[in-house]
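The structure is given below, and queries will be raised subsequently.
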Amino acid sequence: MLNKLIKYDLKWLLKVILIFHGIGLFFGIIGRLTELLPDSPFFIFISKFCKGVCLSLIITGLVNCIIRSWVRFILNMYKDESYLTHTLPVNKNTHLLSKVLSSIIIVVISVVILLIGLFIMYYNKETLESLKLSLNILSSNLGISVIGLLLLLGIVLLTEIIFIILIGYFGIVYGYSHNYKKPLKTFIYGGVSYLVFNVTTVIMLLIGSLFNNNLKAIVLGGSTQIEFNVLVGILWFAFIVYVVYSIIVYLLMNNKFNKGVNID
């Protein structure tokens with residue numbers, strides 16, 4: 001049943017998002033093709049304009065992945081659709097898990113499309129060699145391979161996006177448990193919880209800087225020399241923190257969601 005729920009959620013979510021991505025990739029291709037035309041101010045402008053539109057649309061699609069995930073959750077669980085949803089022989093844990101997994105899937109799809117768009121618009125031998133050189137210099141300073149560095153940056157970014165999505169779900173579950181001003185309370189729950197977690201992270205970094213001078217130089221400044229391997233440690237710290245925060249948020253909202261749903 002979980003597979004079927006994810007299928008229906010993805011079908012709803014991708015309706016609009018694929019339009020943004022499809023049009024964005026189209027402009028990206030046009031922007032790249034115009035580079036093959038005569039080198040004139042007019043065609044240079046058209047190329048840069050199309051590339052700008054491509055990036056704007058694909059990034060907008062990525063942002064919409066998050067927003068539409070929240071909208072889908074509200075409509076499917078708390079609005080008119082919910083009267084049918086809650087009659088299905090599916091427990092609330094499965095419904096919530098379906099929404100979370102669907103959100104993660106479309107975010108991954110959007111990130112992949114963004115990378116494809118960048119490849120279409122900017123790939124050439126000179127750019128590739130320059131990127132390789134920059135990454136090699138950075139990775140040697142950080143004491144990590146290029147592939148390891150890219151993977152680490154990727155998983156940190158992905159876990160942060162997942163955490164933001166879960167914070168939104170958390171705000172919805174607690175906000176819509178009230179009888180009045182549900183959207184406002186959703187925003188308050190989500191905003192305050194996000195602020196609390198971020199303040200907690202800053203406090204942990206400040207405490208850590210008391211025991212590590214290199215970390216202190218990055219967090220508080222006061223030194224022109226920075227140990228780059230500490231940056232790798234911060235990235236790993238960020239990954240672990242986002243995973244732990246995500247688990248906490250999911251458990252809290254799952255517990256609240258299982259206590260009952262206050263349908264409009």
*asked:* Let me check something: do Ile248 and Ile240 share a hydrophobic cluster, defined by ILVMFWY side-chain heavy atoms less than 4.5 Å apart, either directly or through other members?
replied: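 Same hydrophobic cluster.
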*Looking at CD1 of Ile113 and CD1 of Ile17, how far apart are the two atoms once the value is rounded to the nearest 0.5 Å?*
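So the CD1 of Ile113 and the CD1 of Ile17 are separated by 9.5 Å.
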*Checking Lys185 side chain against Tyr180 main chain: does a donor-acceptor pair fall under 3.5 Å?*
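Here the side-chain-to-backbone pair exists.
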*Please tell me if the side chains of Val241 and Met204 come closer than 4.5 Å, counting only heavy atoms from C-beta onward.*
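Of all side-chain heavy-atom pairs linking Met204 with Val241, at least one is under 4.5 Å.
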*Excluding sequence neighbours, so at least two apart, what forms salt bridge (charged side-chain N to carboxylate O under 4.0 Å, His left out) with Lys99?*
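So Lys99 forms a salt bridge (charged side-chain N to carboxylate O under 4.0 Å, His left out) with Asp9.
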*asked:* As an exercise, state the distance from CG of Leu151 to CD1 of Ile155, rounded to the nearest 0.5 Å.
replied: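 Reported to 0.5 Å precision, the distance equals 7.5 Å.
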_If we check side-chain contact (heavy atoms from CB on, under 4.5 Å) with Ser98, which of these qualifies: Leu10, Asn76, Leu2?_
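For Ser98, the side-chain contact (heavy atoms from CB on, under 4.5 Å) test succeeds with only one of Leu10, Asn76, Leu2, which is Leu2.
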_Connected via hydrophobic side-chain network under 4.5 Å: Leu101 and Val243_ =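 Yes, Leu101 connects to Val243 through the hydrophobic network.
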*Does the pair Ser103 and Tyr169 meet the rule for a side chain to side chain contact (heavy atoms under 4.5 Å, CB included), with working shown?*
CA-CA 11 Å; Ser103 301; Tyr169 284 141; 2.6 Å; yes
*Carefully, step by step, assess Glu160 and Phe239 under the rule side chain to side chain contact (heavy atoms under 4.5 Å, CB included).*
CA-CA 8 Å; Glu160 181 179 7; Phe239 167 69; over 6 Å; no
*Identify whether Val244 and Ile104 are in the same connected component of the hydrophobic contact network (ILVMFWY, side-chain heavy atoms under 4.5 Å).*
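Yes, it is one cluster - the side chains of Val244 and Ile104 are joined through contacts under 4.5 Å.
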*Kindly indicate whether the side chain of Lys79, heavy atoms from C-beta on, has any atom under 4.5 Å from the side chain of Tyr176.*
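The answer is yes; the side chains approach within 4.5 Å.
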*Between Leu13 and Arg72, which heavy-atom pair has the shortest distance, and what is it?*
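Closest approach of Leu13 to Arg72: CD2-CB, 4.0 Å.
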*Measure the CE-OG distance between Met253 and Ser193 for me, rounded to the nearest 0.5 Å.*
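It comes to 11.0 Å.
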*Evaluate the side-chain proximity of Val173 to Tyr78: yes if any heavy-atom separation is below 4.5 Å, no if none is.*
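A side-chain contact under 4.5 Å exists here.
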*Just wondering, do Ile164 and Tyr194 contact through their side chains at under 4.5 Å, heavy atoms?*
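Tyr194 vs Ile164: side chains touch.
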*asked:* Which residues pass the side chain to side chain contact (heavy atoms under 4.5 Å, CB included) test with Phe42, not counting sequence neighbours?
replied: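 Partners of Phe42 under the side chain to side chain contact (heavy atoms under 4.5 Å, CB included) test: Ser40, Ile46.
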*Should Leu5 and Thr94 count as side-chain neighbours, where that means a heavy-atom distance under 4.5 Å?*
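Side chain of Leu5 against side chain of Thr94, heavy atoms only: contact under 4.5 Å found.
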_Connected via hydrophobic side-chain network under 4.5 Å: Leu251 and Leu96_ =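 Yes; tracing contacts between hydrophobic side chains, which count when under 4.5 Å, links both residues.
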*With Ile172, the side-chain contact (heavy atoms from CB on, under 4.5 Å) member among Tyr189, Phe187, Trp70*: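 Exactly one pass, corresponding to Trp70.
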*Would you please name every residue forming a ring pair (Phe, Tyr, Trp, His ring centres under 6.0 Å) with Tyr242, sequence neighbours left out?*
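For Tyr242, the residues satisfying ring pair (Phe, Tyr, Trp, His ring centres under 6.0 Å) (neighbours in sequence not counted) are Phe163.
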*asked:* Measuring only between side-chain heavy atoms, which start at C-beta, is Asn198 closer than 4.5 Å to Val202?
replied: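 The answer is no; the side chains never approach within 4.5 Å.
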*Tell me, please, which residues at least two apart from Val196 pass side chain to side chain contact (heavy atoms under 4.5 Å, CB included).*
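Checked Val196 against side chain to side chain contact (heavy atoms under 4.5 Å, CB included); matches are Val192, Thr200.
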Going by atom type alone, with no hydrogens or angles, which donor-acceptor pairs under 3.5 Å involve a side-chain atom of residues 53-67 and a protein atom two or more places apart or on another chain?
residue : atom : partner : partner atom : Å
Ser56   : OG   : Gly52   : O            : 2.9
Thr60   : OG1  : Ser56   : O            : 2.6
Asn64   : ND2  : Thr60   : O            : 2.8

*Any idea which heavy atoms bring Val249 and Ile167 closest together, and the distance?*
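Closest approach of Val249 to Ile167, heavy atoms only: CG2-CD1, 4.0 Å.
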Side-chain donor-acceptor pairs of residues 18-37 under 3.5 Å, sequence neighbours excluded:
residue : atom : partner : partner atom : Å
His21   : NE2  : Ser110  : OG           : 2.9
Arg32   : NE   : Glu35   : OE1          : 3.3
Arg32   : NH1  : Ile120  : O            : 2.7
Arg32   : NH1  : Tyr123  : O            : 3.0
Arg32   : NH2  : Tyr123  : O            : 2.5
Thr34   : OG1  : Ile30   : O            : 3.2
Thr34   : OG1  : Gly31   : O            : 2.8
Glu35   : OE2  : Lys51   : NZ           : 2.2

*List the steps, then state whether side chain to side chain contact (heavy atoms under 4.5 Å, CB included) holds for Ile165 with Val100.*
CA-CA 8 Å; Ile165 291 173; Val100 172; over 6 Å; no
*asked:* Please evaluate residues Phe43 and Lys48 with respect to the criterion side chain to side chain contact (heavy atoms under 4.5 Å, CB included), reporting the C-alpha separation (whole Å), side-chain torsions for both, the decisive distance (0.1 Å), and the verdict.
replied: CA-CA 9 Å; Phe43 288 122; Lys48 292 185 180 297; over 6 Å; no
*Applying ring pair (Phe, Tyr, Trp, His ring centres under 6.0 Å), name anything that partners Phe257, two or more places apart in sequence or on another chain.*
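By the ring pair (Phe, Tyr, Trp, His ring centres under 6.0 Å) rule, Phe257 matches Phe73.
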*Does the side chain of Tyr8 reach to within under 4.5 Å of the side chain of Ser102, using non-hydrogen atoms?*
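The answer is no, as the side chains (C-beta and beyond) never meet within the 4.5 Å cut-off.
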*asked:* Starting from Ile44 and following side-chain heavy-atom contacts under 4.5 Å between hydrophobic residues (I, L, V, M, F, W, Y), which residues can be reached?
replied: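 Via sub-4.5 Å side-chain contacts, Ile44 links to none.
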*Tell me, which pairs form a salt bridge (Lys or Arg N to Asp or Glu O under 4.0 Å) where one or both residues lie in residues 243-252, sequence neighbours left out?*
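For residues 243-252: none.
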*Of all the heavy-atom pairs spanning Leu252 and Tyr174, show the shortest one and how long it is.*
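Heavy atoms only, the tightest pair is O-OH, 3.3 Å.
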_Non-neighbouring partners of Phe237 that pass ring pair (Phe, Tyr, Trp, His ring centres under 6.0 Å), sequence neighbours left out_ =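 Checked Phe237 against ring pair (Phe, Tyr, Trp, His ring centres under 6.0 Å); zero matches.
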_Flag side-chain contact, heavy atom, 4.5 Å: Ser69 against Ile106_ =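 Contact flag for Ser69/Ile106 side chains = yes.
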*Sequence neighbours excluded, every pair satisfying salt bridge (Lys or Arg N to Asp or Glu O under 4.0 Å) that has a member inside residues 192-213*: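 Qualifying pairs: none.
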*Sorted by first residue and then second, give each side chain to side chain donor-acceptor pair (under 3.5 Å) pair with at least one member in residues 244-254; sequence neighbours left out.*
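Sorted pair list: Asn93-Asn254, Thr201-Tyr245, Asn254-Asn258.
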*Kindly work out whether a path of hydrophobic side-chain contacts (I/L/V/M/F/W/Y, heavy atoms less than 4.5 Å apart) joins Ile116 to Leu114.*
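Linked within one cluster.
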